[in-house]
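To start, the structure itself, in C-alpha cells.
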Amino acid sequence: MKLKALLKFYFSADFLNAYLDGAVLKYALNYAGEAEDIADLIFAVTLRKRALKALWGYMDNAFAALTDKEREALRGYARLREGYNSLPREEKNAIKRASAKFSRRAAGINAFAEGIELVKEYVRILAP
C-alpha cells in the first residue's frame, strides 16, 4: 500500500466515518426488503468501520512520535495531487524525513490488512 493513500485516509478519517454512517442510515431508512437483509447490510458496514478504526488507531499511535512540523509535512504530502518533485528541496526533505520516521514507527501496519484493503477501496472518495 502506498504511504500517500494511508496518509489520505488518516487525515480524512472523519469524512470517511461520516460517509459510512450515511450508508448505514440509507440502508436503515430506504430499504424495502426483509429486516434480516437490512441487518446484514448494516452489520457489514459496521465491520468495515471497526477495521478502519483499528487501522486509524495504529496510525495515530505512530503519529504520536512525530512533531507538529512533521505532521504538517505529511498532511501536505497527502493533499498533493501529483508527486512532490515540483516542491522546493526543503519541503521534499521534510516529507522524506517525516515519512521515514512514520514508517519506522508503523512497521507492523501490515497486521491491519483488512483495514488497508478498505482504504484501497475508499481512497477515491477521500478528500485530497
Can you name the closest pair of heavy atoms from [X] and [Y] and give their distance?
{"X": "F11", "Y": "A78", "answer": "CD1-CB, 4.1 Å"}
{"X": "E114", "Y": "L47", "answer": "OE2-O, 4.4 Å"}
{"X": "K8", "Y": "V123", "answer": "CD-CG2, 4.1 Å"}
{"X": "A13", "Y": "W56", "answer": "CB-CD1, 3.5 Å"}
{"X": "K101", "Y": "A65", "answer": "NZ-O, 3.1 Å"}

Check: Any side-chain heavy atom of F102 within less than 4.5 Å of one from M59?
Finding: yes
Item checked: Within-4.5 Å side-chain heavy-atom neighbours: F9 and Y122 ->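 Side-chain contact under 4.5 Å: no.
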Next item on the list: Give me the ring orientation class for F63 and Y10: parallel if the planes are under 30° apart, tilted from 30 to 60°, perpendicular past 60°.
Entry: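 Judged by the thresholds at 30° and 60°, the geometry between F63 and Y10 is parallel.
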Checklist line | L55: which of L6, L118, D60 passes side-chain contact (heavy atoms from CB on, under 4.5 Å) | finding: L6
Notebook entry, point to check: Taking atom CD1 of I42 and atom CG of D37, what is their separation to the nearest 0.5 Å?
Noted result: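 Those atoms lie 11.0 Å apart.
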Item checked: Over 12 foreign heavy atoms within 6.0 Å of CD, E121 ->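 Count over threshold, so yes.
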Next item on the list: Begin from the C-alpha positions of V24 and L20 and carry the test side-chain contact (heavy atoms from CB on, under 4.5 Å) through to its verdict.
Entry: CA-CA 6 Å; V24 168; L20 293 173; 5.9 Å; no
Next item on the list: Would you please name every residue forming a side chain to side chain donor-acceptor pair (under 3.5 Å) with E72, sequence neighbours left out?
Entry: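 In terms of side chain to side chain donor-acceptor pair (under 3.5 Å), with neighbours along the sequence ignored, E72 is linked to R75.
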